[in-house]
Amino acid sequence: MTNFAKLNQAMGFQRSSTSDKQKVQPISTKVVKNDENSGDLSLASIASNRHDISTIVNTPIPSSDIAYSSWVVEHPSALGSFDRMMKAAKGKRIVVFLDYDGTLSPIVDDPDRAFMSNEMRAAVREVAKYFPTAVISGRSRDKVKGFVQLSNVYYAGSHGMDIMVPPKPLKPCDAKNHVTATASALDKEGDMLFQPAKRFLPAIQEISIVLEEIARKIEGARVEDNRFCISVHYRKVREEDYGILEEKVKSVIENYPDFHLTRGKKVLEIRPSIEWNKGHALEYLLDTLGFSNSGDVLPLYIGDDRTDEDAFKVIEARGQGFPIIVSSIPKDTKAAFSLHDPSEVLTFLLRLARWRKASSSSRSLAQIWGLGNSHKANC
């Protein structure tokens, strides 16, 4: 057992335990207080009990474990909070949104080998049976669809600038997002595509060619064409070469005023400067699927990157929903809940599907016995 696991055990809570006694509100991102039945898990309590805990585990407790444990108090485990989250969701409709890299798959050195496990794919497939489910990724839509390989989910690539949904009447997006109906089209499979950055494609192709030339001269650098944005991966670049790479990328962007540079996990991303991000993609999908004006809808978004914060902010502004960050280290976030890594995401998704399946079975039995004629479906 790791020091961190021993620490959690000694303090009476674990990330994956369903006995977590922290109060859960689906609309709040404030610090979650513990109720009267649980131990005081405040930072002061952690610090004051550190000596006793260290005695229990018989080894010094790294400060990083202490910091993470106190962060989890503010962003409680979605696994430990699951029962209370679902209690809050009773009578409402959940719509599921998932990031890909670092959420459904581990972060890997080679971006082309960021495969999701068969178990994760089965879990997402099961969730999508019961809830509208979308994957919103910084990857190109075709690439993330190739990784996920499921036909019962919606896909949004390029941080939401390339959205695929089945053909159906679409409502115009809010004018504040500066997007018109001309951004919509049908692909060869008959799915509706929404591409608000389509006019930038020629410039994106030009930039990509220049960046490819730069990457060839810096060992470990890799350029990935994500259709409506370009990723320059530097996970394998030597530390002493990173500054050179960054400066060269910046010098390219200076020649394209309609583009800007953002940063992710060991990646530099060049994106069109339009008012569109994963948060807008979430709003667009809710609108397209007919949920935008529904007060009984709870968006559930799981993501690990800073680009996912835009979606967390949208959920916070809506005043209801479940923003969940995937992180093994403390970080500033608008998420209300947390999961430690993709393995916990897998556990959470399986549990969500089982919960919904059990709820469906209960309603069916109630209807058979004449008890559920007026009961509203819980989604």
Side-chain angles (χ1 to χ4, degrees), residues 15-16 77-79 82 85-86 94-160 162-166 187 189-193 224 226-227 231 264-265 267 278 281-282 285 289 299-305 307-308 311 322-328 337-360 379:
R15 291 191 306 272
S16 59
S77 165
L79 288 174
F82 184 85
M85 290 169 69
M86 294 306 104
I94 294 174
V95 183
V96 177
F97 299 92
L98 304 166
D99 180 32
Y100 184 76
D101 292 278
T103 299
L104 298 182
S105 73
I107 298 294
V108 296
D109 288 341
D110 184 351
D112 287 339
R113 300 192 63 80
F115 304 121
M116 66 190 301
S117 66
N118 290 331
E119 292 80 6
M120 183 70 83
R121 182 174 294 104
V124 175
R125 181 189 294 113
E126 194 69 12
V127 166
K129 287 181 182 178
Y130 301 110
F131 308 97
T133 301
V135 177
I136 304 179
S137 173
R139 303 285 195 128
S140 70
R141 176 177 51 81
D142 288 340
K143 184 167 290 185
V144 75
K145 186 177 180 181
F147 277 138
V148 177
Q149 299 177 17
L150 294 175
S151 60
N152 63 340
V153 304
Y154 308 107
Y155 294 95
S158 303
H159 300 292
D162 189 6
I163 302 175
M164 180 279 291
V165 293
D187 71 358
E189 297 177 358
D191 292 320
M192 181 66 71
L193 301 181
E224 182 180 12
N226 285 316
R227 181 73 168 152
S231 298
K265 293 182 176 179
V267 62
K278 288 185 176 182
L282 183 152
L285 284 164
L289 298 173
L300 186 155
Y301 190 107
I302 307 178
D304 76 306
D305 199 10
T307 58
D308 299 308
F322 302 115
I324 304 172
I325 189 167
V326 183
S327 181
S328 60
F337 305 96
S338 66
L339 293 168
H340 189 263
D341 50 36
S343 68
E344 288 201 353
V345 174
L346 172 61
T347 302
F348 181 87
L349 293 177
L350 288 172
R351 193 169 177 188
L352 181 64
R354 285 197 299 267
W355 172 81
R356 183 61 178 84
K357 185 175 182 180
S359 299
S360 299
C379 292

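Contact between Arg356 and Tyr130 at its shortest, heavy atoms only, is CG-CB, 3.2 Å. Summarising the geometry of Arg125 relative to Asn152, their closest heavy-atom pair is O-ND2, 3.3 Å, with the distance given to 0.1 Å. Listed here is the closest heavy atom pair of Ser105 and Pro342: O-CG, 3.8 Å.
Side-chain atoms of Ser328 and Asp341 form no donor-acceptor pair, as typed in the model, at a separation below 3.5 Å.
Of the possible polar contacts, none joining the Thr133 side chain to the Val153 backbone as a donor-acceptor pair under 3.5 Å is found. Formation of a donor-acceptor pair under 3.5 Å by the Tyr100 side chain with backbone atoms of Ala114 is found in this model. Of the possible donor and acceptor atoms, one in the side chain of Arg139 sits under 3.5 Å from a partner among the backbone N and O of Pro111. No donor-acceptor pair closer than 3.5 Å links the side chain of Arg113 to the backbone N or O of Val108.
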side-chain contact (heavy atoms from CB on, under 4.5 Å) between Glu224 and Val267, intermediate numbers included: CA-CA 10 Å; Glu224 182 180 12; Val267 62; over 6 Å; no
For a side-chain contact (heavy atoms from CB on, under 4.5 Å) check, start with the C-alpha distance between Glu119 and Leu350, then their side-chain angles and the critical distance, and finish with the verdict. CA-CA 10 Å; Glu119 292 80 6; Leu350 288 172; over 6 Å; no
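Taken to the nearest 0.5 Å, the OH atom of Tyr155 stands 13.0 Å off from the CD1 atom of Ile136. Of the inter-residue distances, the one linking Phe348 atom CZ with Met85 atom CE reads 4.0 Å to the nearest 0.5 angstrom. Rounded to the nearest 0.5 Å, atoms OG (Ser338) and CG (Asp304) are 13.0 Å apart. Taking CZ of Arg141 as the reference point, atom NZ of Lys143 lies at 13.5 Å (rounded to 0.5 Å). Going from atom CZ of Arg354 over to atom CD of Glu126 covers 10.0 Å, rounded to the nearest 0.5 Å. Distance CG/Leu98 to CG/Leu104: 5.0 Å, rounded to 0.5 Å.
Results of the side chain to side chain donor-acceptor pair (under 3.5 Å) test with Asn226 over Ser158, Ser231, Ser137 single out Ser231 as the only residue that passes. Put simply, the residue from Leu285, Ile324, Ile302 that forms a side-chain contact (heavy atoms from CB on, under 4.5 Å) with Phe97 is Leu285.
At a threshold of 4.5 Å between non-hydrogen side-chain atoms, the residues Asp142 and Arg227 do not count as touching. Looking at Leu352 and Val96, their side chains come closer than 4.5 Å, going by heavy atoms from C-beta outward. Between Met116 and Val124, some side-chain heavy-atom pair lies under the 4.5 Å cut-off.
Ring pair Phe147/Phe115 is perpendicular by interplanar angle, where above 60° counts as perpendicular and below 30° as parallel.
The pair Asp305-Lys265 does not count as a salt bridge, with every side-chain nitrogen at least 4.0 angstrom from each carboxylate oxygen.
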